[in-house]
2 protein chains.
Amino acid sequence: MTDRADILDPMADHRDHYHHGNLREALLDAAECMIVESGVAGLSLRQVAKHAGVSQAAPYHHFASKEALLAEVARRGFAKLVAGLSAAATEPDPIARMAGLGAAYVQFGLENPAVYRLMFGAEFCPTEVFPELKESGDRAFSILMEAVAHGQALGVFWGDEPSTPSFAVWSSVHGLVSLLMARVPPEKVMHGVPMTHESMMAATMAFIIAGLRGERVLAP
Amino acid sequence: MTDRADILDPMADHRDHYHHGNLREALLDAAECMIVESGVAGLSLRQVAKHAGVSQAAPYHHFASKEALLAEVARRGFAKLVAGLSAAATEPDPIARMAGLGAAYVQFGLENPAVYRLMFGAEFCPTEVFPELKESGDRAFSILMEAVAHGQALGVFWGDEPSTPSFAVWSSVHGLVSLLMARVPPEKVMHGVPMTHESMMAATMAFIIAGLRGERVLAP
DNA sequence: TCGACCATCTTGACGTCGTTAAGTTAGGCG
DNA sequence: CGCCTAACTTAACGACGTCAAGATGGTCGA
C-alpha cells in the first residue's frame, strides 16, 4: 500500500518501520482507543487487528496473547499516571503537595476510566502473570510515600514511618476514583444534598489530611 | 434421573421443583462457586450449565443473558454484605460502630474477593443495565450513613450533613479492600516494614475516625 | 548484483463461546 | 384422558482466541 511512502517518509530513524510500519504501537493505540470507547470486557483481539489494518493473527508476532497486549496498555497507563504525579510532587509544602497528588490521581482516573479499570481491575492481566505491572504501580506508590515522608520529616504529618499511612492515603484516593466512576454520576443528588465530584474529592482529601496530621484514635 | 426422588423428597413445598428441581438457584450457586474458583473473566455460561447438570441453553429459561445471571450473583453478594453490616450497626457507641462496620465490610470483601470484584467491577453487569444492583448498593450505603448521622447527632463526629463524609468513609474502605485484594499479599514487607492486612486496616480506620472527628483542613 | 535468511504478515483451521430457533418432555388442569 | 404450557434438549450460527503453515519482502554477506 505504502510502497513508496517508506522512501518518501523516512521518519522512523531506528527500526520502527517493519513491514507495515510500527505495528506494535499501532495495536496498542487501537486497543486503548477501543477500550475507551467500549470497555475492556467486550474487547476483541480480532477487531483490534482489523482496526490496525492487519490480519487476525498478526498481533501474535508482537504479543504473546490478548492478555499480554492488555497488560502493556495498563503499563502505559501507569507510566502516564506516574508522569502526572511527578509533576505534582515538586511542591514543597507537604499539605499542598498531598492535595496536588490527590488531584492528579483523581484527574487521571476520571479522564481515563477504562484504562484505570484495566490497571486496577485484576480480572484482566493479573499482576501475578505480569510482574512488570506491579512494578509500575509501585513506582506510583513511591511518589506518594516520598510526599508522606517529606511531611513527617517537617513535623506536619504524624509519625515517622511513611509506608502505612501512605497505603491508607492510596486506599482513600483509589476508593474515591472507583466509586466516582462506578456509582456517582456527576450530577447526583442524595437526600437533597448535591454530591458533585468536587465535593466528594474535597471531603476525601480533608479526611486524608486529617488522618495524616492526627494522632491515632484506635489501638494498636 | 431423579424420577422417584421428587416423590421421596418433596421438600420444595411451593413450586420450587420444576423439571429438574430448582434450576435457577442451582445455576446461581454453580456460577458463584466457579467465580470464586476461577474469577469472573473466564466464566463460561456453558460450563455453568454443565456444572448444574443441564444443557447449554437451559439457563436462558431463567436468565435473559450471561450478564443477567452475573448481576443476580452480584445482587446476592450485596444482600450478604448488607446482612453483615446490619449486624454491626447495633453498637451504640459511634466510634465502635464505625470500627465494626469497617471490619464487617473488609471481612466480606476479603472472604469473597471474586464476588466483591463482580459487585464493584462495573465491567460485567454494569449498574446502568441492572438498576436493582445500584439499589442494593445504596442499601449498604444507607447503613453507613445512618452510623455517621448517629455520631454527628451525639457530637462525636464533625458536621451535621452525613452523606458527604459517609461517601469519604466508603471510599476509604472500598479502596482498602480493593488494594488489599489486588496488590498486597498477606505477608508483604515494604521497605523493611511488614504490611499486614490488619495493620493496613487499622491505619485506614484511624484515618476514617480522624476525618470524621476533625475539622476541615482544606477549603471547600 | 544476487541469493539466502528471517522477521513479518496472511490464510485457513480448530475448539469454544453466547445466543437463538425448533423440537421434546412432563406435570397441571379442563 | 387429553390438551396446555413451562422446562428442557438438540442443532445451528457467527464471533472469538489461538495456532500451524505458507507467502512476502527487506537486509546483508558473497
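Heavy atoms only: backbone and side chains are in, while hydrogens, waters and symmetry mates are out. Being a predicted model, the structure only gives us computed values, none of them experimental.
- Between His61(A) and dT10(C), a side-chain N or O to OP1/OP2 separation shorter than 4.0 Å is absent.
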Between the protein and nucleotides 17-20 of chain D, are there any N/O to N/O pairs under 3.5 Å, and if so, what are the atom names and distances?
{"from": "dG17(D)", "atom 1": "OP1", "to": "Leu45(A)", "atom 2": "N", "distance (Å)": "2.7"}
{"from": "dG17(D)", "atom 1": "OP1", "to": "Lys66(A)", "atom 2": "NZ", "distance (Å)": "3.3"}
{"from": "dG17(D)", "atom 1": "OP2", "to": "Leu45(A)", "atom 2": "N", "distance (Å)": "3.0"}
{"from": "dG17(D)", "atom 1": "OP2", "to": "Arg46(A)", "atom 2": "N", "distance (Å)": "3.1"}
{"from": "dG17(D)", "atom 1": "N7", "to": "Arg46(A)", "atom 2": "NH1", "distance (Å)": "2.3"}
{"from": "dG17(D)", "atom 1": "O6", "to": "Arg46(A)", "atom 2": "NH1", "distance (Å)": "2.9"}
{"from": "dT18(D)", "atom 1": "OP2", "to": "Tyr60(A)", "atom 2": "OH", "distance (Å)": "2.7"}
{"from": "dT18(D)", "atom 1": "OP2", "to": "Lys66(A)", "atom 2": "N", "distance (Å)": "3.0"}
{"from": "dT18(D)", "atom 1": "O5'", "to": "Tyr60(A)", "atom 2": "OH", "distance (Å)": "3.0"}
{"from": "dT18(D)", "atom 1": "O4", "to": "Gln56(A)", "atom 2": "OE1", "distance (Å)": "3.2"}

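- Whole-Å rounding puts the His62(A) NE2 to dT10(C) C1' distance at 13 Å.
- dC16(D) atom P lies 7 Å from atom NZ of Lys50(A), rounded to whole Å.
- Taking Tyr60(B) as the reference, nothing meets the side-chain hydrogen bond (donor to acceptor under 3.5 Å, both in side chains) condition, with sequence neighbours excluded.
- In the helix from dT1(C)-dA30(D) to dG30(C)-dC1(D), the end axes, each obtained as the rotation axis mapping the C1' atoms of four pairs onto the next four within a five-pair block, lie 10° apart to the nearest 10 degrees.
- Between Trp170(A) and Phe141(A), the ring planes lie tilted relative to each other; the angle falls in the 30° to 60° range.
- For Glu91(A), the side chain to side chain contact (heavy atoms under 4.5 Å, CB included) partners two or more places apart in sequence, or in a different chain, are Asp93(A), Ala96(A), Arg97(A).
- With sequence neighbours left out, Arg75(B) forms a side-chain hydrogen bond (donor to acceptor under 3.5 Å, both in side chains) with Glu72(B).
- Remark: P of dA7(D) and CG of Asn22(B) are 11 Å apart, rounded to the nearest angstrom.
- To the nearest 0.5 Å, atom CG of residue Leu118(A) and atom CG of residue Leu43(A) are 9.5 Å apart.
- Not a single side-chain hydrogen bond (donor to acceptor under 3.5 Å, both in side chains) links Lys134(B) to another residue, sequence neighbours left out.
- Residue pairs meeting the salt bridge (Lys or Arg N to Asp or Glu O under 4.0 Å) criterion with at least one member in residues 100-121 of chain A, sequence neighbours excluded, are Arg117(A)-Glu123(B).
- Residue pairs meeting the side-chain hydrogen bond (donor to acceptor under 3.5 Å, both in side chains) criterion with at least one partner in residues 47-58 of chain B, sequence neighbours excluded, are Arg46(B)-Gln56(B).
- Applying a 4.0 Å cut-off to non-hydrogen atoms, none of the residues of residues 29-39 of chain B approaches DNA chain D.
- Between Leu23(B) atom CG and dC8(D) atom C1' the separation is 9 Å, expressed in whole Å.
- Rounded to a whole Å, the NE2 atom of His51(B) is 14 Å from the P atom of dC17(C).
- Look at CG on Leu69(B): it is 15 Å from P on dC17(C), rounded to the nearest Å.
- By the ring pair (Phe, Tyr, Trp, His ring centres under 6.0 Å) test, Phe78(B) pairs with Phe120(B), sequence neighbours left out.
- Listed by first then second residue, pairs satisfying ring pair (Phe, Tyr, Trp, His ring centres under 6.0 Å) with a partner in residues 28-49 of chain A number zero, not counting sequence neighbours.
- With sequence neighbours excluded, the residues forming a side-chain hydrogen bond (donor to acceptor under 3.5 Å, both in side chains) with Asp29(A) are Arg76(A), listed by chain and number.
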